[in-house]
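Inspection log for the structure reproduced underneath, given as structure tokens.
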Amino acid sequence: MTYTLTTPLYYVNDKPHLGSAYTTLACDALARYQRLKGEAVIFITGCDEHGQKIQRTAEAAGLSPQAHCDAVSAQYRDLWERWQISNDRLIRTTDPRHRQIVAQFFARVEANGDVLEGRQQGWYCVACEEFKDDPAEATAPHCPTHQRPLEWRDEVNLFFRLSRYQQQIEQLIAQPGFIQPASRRREVENFVKQGLRDFSISRVNLPWGIPVPGHEGHTFYVWFDALLGYITALLEPNEEPDLALALSHGWPASVHVIGKDILRFHAVYWPAMLLSAGLELPGMVFGHGFLTREGQKMGKSLGNVLDPADLLERCGRDAVRWYLLRDIPFGEDGDFQQQRFSDLVNNDLANTIGNLLNRTSSMARRWFEDCVPARTTAAEASHPLAIAAETARSTVIGSLDALDFRSAAEATLQLAISANGFLNDQAPWSLMKQEGTQAQVADQLYAVLEAARIVAVLMAPLLPDLSSRMLLQLAQVPLDSGSAGYNPRPWLEQLAWGGLEPGAVLPEPSPVMARLELDAPL
RNA sequence: CGCGGGGUAGAGCAGUCUGGUAGCUCGUCGGGCUCAUAACCCGAAGGUCAGGAGUUCAAAUCUCCUCCCCGCCA
């Protein structure tokens with residue numbers, strides 16, 4: 001069965017921000033993990049390009065909406081490339097094929113009697129693309145999230161009969177694994193319990209959108225259109241836009257990874273739409289937390305936004321991925337702290353892991369003709385490092401299955417710490433000064449090199465670059481599942497203790513991870 | 001108003017369900033080692049577990065009240 005996972009389709013109102021990068025990075029780690037386990041993966045990301053807000057932003061910039069979308073979505077594409085995101089698809093909702101898919105989907109919903117005409121009257125926030133409650137009240141209300149004036153709307157729209165799915169949605173969200181993390185489930189439950197109301201799925205007088213077939217003057221509400229992008233994305237690059245065909249490629253999605261702000265759209269509206277069209281429901285909706293910076297909300301007005309492109313440029317892929325995945329519990333809010341960022345990168349990656357490989361490789365080369373030394377007992381399952389490796393392996397797998405990147409990272413690190421400790425306890429550099437200890441030292445170094453290899457293999461989903469660099473220094477073939485020439489041996493097999501071949505020639509070691517020296521603040 | 005999440009060493013978190021010496025990572029300080037990227041290993045300091053009351057032989061953990069932060073409803 002195909003493992004389909006999605007990031008949100010990012011709204012191209014502005015250039016990519018760190019939050020989008022965070023989601024995408026996490027999905028990338030998850031996608032790589034699933035591929036390494038041997039799953040067929042479709043990793044979907046993309047851009048949501050319709051709606052009034054985009055139309056206005058484009059106008060303000062003196063561009064056509066299409067030109068604006070082309071420019072911004074190109075920024076996303078470039079950014080993901082630079083981050084080496086392993087997405088299989090990058091869907092744009094302005095893709096002509098998407099129109100067809102939306103139309104076909106809508107036809108099913110309409111045939112099912114779930115499309116009604118209704119009058120919508122109320123205060124509208126263009127930034128949210130949402131009607132706000134308590135109409136008629138106050139003469140000039142503001143949007144609570146955007147602090148911007150609301151606009152009065154009075155229009156006849158098409159409505160989706162969400163109310164009809166009350167019971168099914170209640171059942172769905174009551175399922176233990178559907179909404180993750182579990183702590184967010186209550187919020188949605190409360191919302192649903194208040195009674196689901198039909199919501200409008202079209203807008204009138206809004207040219208920048210997909211026309212609703214059979215309803216002159218109406219275009220689809222951005223969310224209705226955007227969510228369906230997940231299905232359009234399943235089409236192979238040159239395939240005909242056929243809903244059934246798209247679905248056959250990997251629907252339902254195993255998981256939608258999103259920010260917590262759009263949980264309701266994914267856990268309530270979207271499943272109801274799918275039910276109406278008679279389609280299968282996604283397995284999980286994971287709403288991760290938000291990032292703050294040094295304790296403060298990031299925002300243009302505060303001037304403290306971290307630009308993911310700058311961050312990549314200055315710090316590199318491994319460092320940022322490590323910090324975000326290793327230190328911030330996925331699902332909870334997290335704070336980006338520059339000091340801690342460089343502390344962790346330097347400690348964990350450069351010192352604990354990088355230096356472990358460096359020191360061990362140096363000793364092996366010096367005393368054993370540049371080779372992986374011969375083993376006597378080191379390959380046995382009862383070896384202390386074999387036991388540590390097994391603990392790390394099972395913890396990493398359990399954690400990644402649960403999207404707990406943090407504890408996966410910690411378990412990997414723990415193995416490197418054990419190996420460093422083992423080295424200090426055994427002190428092969430002292431032993432070597434005595435007579436007849438060669439075999440013993442060889443055995444010790446073998447075990448530590450093997451532990452380093454396992455660290456590198458375990459690291460592959462989280463830090464593919466660092467993993468590759470480590471494996472090359474261990475005379476191994478890198479595992480990068482995204483590139484050609486990677487090691488085809490199953491990942492799980494490669495995690496078995498004792499895989500390193502004695503006698504393999506070790507290349508001259510050079511630091512696999514440079515220390516992060518941030519002279520200026522980010 | 002209501003609802004949800006949270007408040008544990010300087011920082012970030014675990015532990016709370018299933019009461020019983022308060023643990024991890026980073027930072028700080030001291031020691032060890034010299035194979036290595038001024039690295040690695042060991043040890044120490046640092047906590048009235050938000051506050052109060054209660055249940056109990058025993059509470060970070062269970063009950064009630066209060067305060068503070070974040071979010072949902074908006």
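Every chain is numbered from 1 and lettered A, B, ... according to where its sequence line falls, protein lines coming before strand lines.
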What nucleotide among B/rG27, B/rC40, B/rC35 has an atom nearest to a side-chain atom of A/Asn347? B/rG27
Answer yes if the side chains of A/His383 and A/Trp497 hold a donor-acceptor pair under 3.5 Å, and no otherwise. no
Main-chain N/O of A/Leu158 paired to A/Ser202 side chain as donor or acceptor, under 3.5 Å: yes
Without decimals, in angstroms, what is the distance between A/Leu415 CG and B/rC40 P? 16 Å
Where the side chain of A/Ala350 is concerned, which of B/rC35, B/rU37, B/rG71 is the nearest nucleotide? B/rU37
In terms of side-chain heavy atoms, does A/Asp404 have a donor or acceptor partner in A/Ser407 at a distance below 3.5 Å? yes
A/Leu356 CG to B/rC33 P: how many Å, rounded? 21 Å
Ignoring hydrogens and angles, are the base of B/rC70 and the side chain of A/Asp333 linked by a donor-acceptor pair under 3.5 Å? no
Determine the contact category for A/Glu332: base if any of its heavy atoms lies under 4.0 Å from a base atom, sugar-phosphate if only primed atoms, P, OP1 or OP2 are that close, otherwise nothing. nothing
Kindly point out which of B/rC35, B/rC40, B/rA74 is positioned nearest to the side chain of A/Arg197? B/rA74
In terms of the nearest nucleotide of RNA chain B, which residue is placed more toward the 5' end: A/Phe191 or A/Arg366? A/Arg366
For A/Asn424 and A/Leu344, find the nucleotide of RNA chain B closest to each by heavy atoms; which residue's nucleotide sits nearer the 5' end? A/Leu344
If you look at every strand shown and take non-hydrogen atoms under 4.0 Å, does A/Val512 touch a base, only sugar-phosphate, or nothing? base
Using a 4.0 Å heavy-atom cut-off across all strands, classify A/Thr360 as base, sugar-phosphate, or nothing. nothing
For A/His50 and A/Tyr11, what are the C-alpha separation, side-chain angles and deciding distance, and is it a side-chain hydrogen bond (donor to acceptor under 3.5 Å, both in side chains)? CA-CA 8 Å; A/His50 289 126; A/Tyr11 205 53; over 6 Å; no
For A/Arg406, which contact category applies under a 4.0 Å heavy-atom criterion: base, sugar-phosphate, or nothing? sugar-phosphate
What is the nucleic acid contact for A/Arg326, judged by heavy atoms within less than 4.0 Å: base, sugar-phosphate only, or nothing? sugar-phosphate
Checking B/rC35, B/rC72, B/rG12 against the side chain of A/Asp327 (C-beta onward), the nearest is B/rG12
Using a heavy-atom cut-off of 4.0 Å across all strands, would you classify A/Gly354 as base, sugar-phosphate, or nothing? base
Any side-chain donor paired with an acceptor under 3.5 Å for A/Tyr22 and A/His17? no
Nearest whole Å is fine: how far is B/rG6 C1' from A/Ile328 CD1? 17 Å
Rounded to whole Å, how long is the line connecting atom CG of A/Leu291 with atom P of B/rG71? 14 Å
Grab the CG-C1' distance between A/Asp404 and B/rC13 for me, whole Å please. 12 Å
Considering every strand and a 4.0 Å limit on heavy-atom distances, what is the contact class for A/Met432: base, sugar-phosphate, or nothing? nothing
Using a heavy-atom cut-off of 4.0 Å across all strands, would you classify A/Arg186 as base, sugar-phosphate, or nothing? sugar-phosphate
